[in-house]
Protein chains: 2
Amino acid sequence: MDVTTAHAAGDCRSVSEILSRVGDKWTIQVIVALRQGPARFNGMKRQVNGISQQMLTRTLKALERDGMVVRTVHHSTPPQVEYRLTELGFSLSETARQLAEWATLNSDAIAQNRIRYDGRDRP
Amino acid sequence: MDVTTAHAAGDCRSVSEILSRVGDKWTIQVIVALRQGPARFNGMKRQVNGISQQMLTRTLKALERDGMVVRTVHHSTPPQVEYRLTELGFSLSETARQLAEWATLNSDAIAQNRIRYDGRDRP
DNA sequence: CAGAATCCATTTGGATACTG
DNA sequence: CAGTATCCAAATGGATTCTG
């Protein structure tokens, strides 16, 4: 029996908190983007489609705090700041990639399910 | 090359939307809870630790709309309503279980990282 | 380039009271 | 038992302006 089964797969309070942290609008995408290797701020902003500057800042800072990303400043001109995954962050990125893949593969089906559901007569 | 790599792993706009849907505070936990088999409303409320009645209602309704859960009413007294995963929902639950497992295994490390980060002198 | 700061709209979530 | 309805607080996220 694995640890998840032993814990009834997520009844710990901490799990809920972590899931809602990594499950916000951008975290998974940022982590998946960093799988390819270290990246710089504006590079990521271009890579992660549609993210605002503020949300990228917040997301990266939260990931740094959680120990999933390290931030390295190179004092050059122009200044360079590099972000890369830690081991912890990389381990999450494996699962994150699967989740992103699932979303890619099933987004059409979900969109159709919604249309069908909304089309039924209902309050 | 798999589809995720082909799509640069999540730059589609739809992925962002789906991820933030399944990544709210409760969806993953509800789905993981339903892996064990069909369940009834108040049973799930007890199983998913800390969820309010309203949030369970909202989460289940959203999952039903997305075609991940089916809701079956048995007109008995007292009334019974059964929720169970569809194939789509079950396929997500595989990845969801991994994510919940990751969260369980690493919640301590993350908590410690946060303490360390917050302890450093910083604005 | 890499952000910090501010403002504001929307979403999310909790508590409570009520219903068939 | 299985919800609905309402109110409200907090979190989330976007846009814009400013800075070392």
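All chains are named by letter (A, B, ...) in the order of the sequence lines, taking the proteins before the strands, and each is independently numbered beginning at 1.
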Touch class at under 4.0 angstrom, heavy-atom based, for B:Lys45 against every strand present: nothing
A:Tyr83 side chain near C:dC1 phosphate (N/O to OP1/OP2, under 4.0 Å): no
Protein-nucleotide distance (B:Trp26, atom CH2; C:dT11, atom C1'), rounded to Å: 16 Å
Donor-acceptor contact below 3.5 Å, side chain B:Thr86 vs main chain B:Gly67: yes
Length of the CD-P vector between A:Glu17 and C:dT12, whole Å: 18 Å
Length of the line joining B:Gln54:CD and D:dA2:C1', which is rounded to integer Å: 14 Å
Closest-nucleotide ordering on DNA chain D, the 5'-leading residue of A:Met55 and B:Leu60: B:Leu60
Backbone N/O of B:Ala100 and side chain of B:Thr104: donor-acceptor pair under 3.5 Å: yes
Presence of salt bridge, B:Glu17 and B:Arg21, under 4.0 angstrom: no
Nearest-Å distance for atom pair CG/C1', residues A:Leu56 and C:dA4: 14 Å
N/O (side chain, A:Arg58) to phosphate O (OP1/OP2, D:dG13) under 4.0 Å: no
B:Arg71/B:Glu82 salt bridge by N-O under 4.0 Å criterion: no
Whole angstrom value for the distance that separates C1' of C:dG3 from CD of A:Gln80: 15 Å
Atom-to-atom span, NZ of B:Lys61 to C1' of C:dT12 - whole angstrom: 17 Å
Integer-rounded Å distance: C:dA9 C1' and A:Lys25 NZ: 13 Å
Separation of atom CD1 in A:Ile51 from atom P in C:dA2, rounded to whole Å: 14 Å
Any donor-acceptor pair under 3.5 Å from B:Ser107 side chain to A:Val15 backbone: no
Touch class at under 4.0 angstrom, heavy-atom based, for A:Arg21 against every strand present: nothing
Base C:dA4 paired with A:Gln53 side chain (donor-acceptor, <3.5 Å): yes
Residue whose closest nucleotide on DNA chain C lies nearer the 5' end, A:Pro79 versus B:Thr59: A:Pro79
Residue closer to the 5' end of DNA chain D, B:Arg40 versus A:Ser52 (nearest nucleotide): B:Arg40
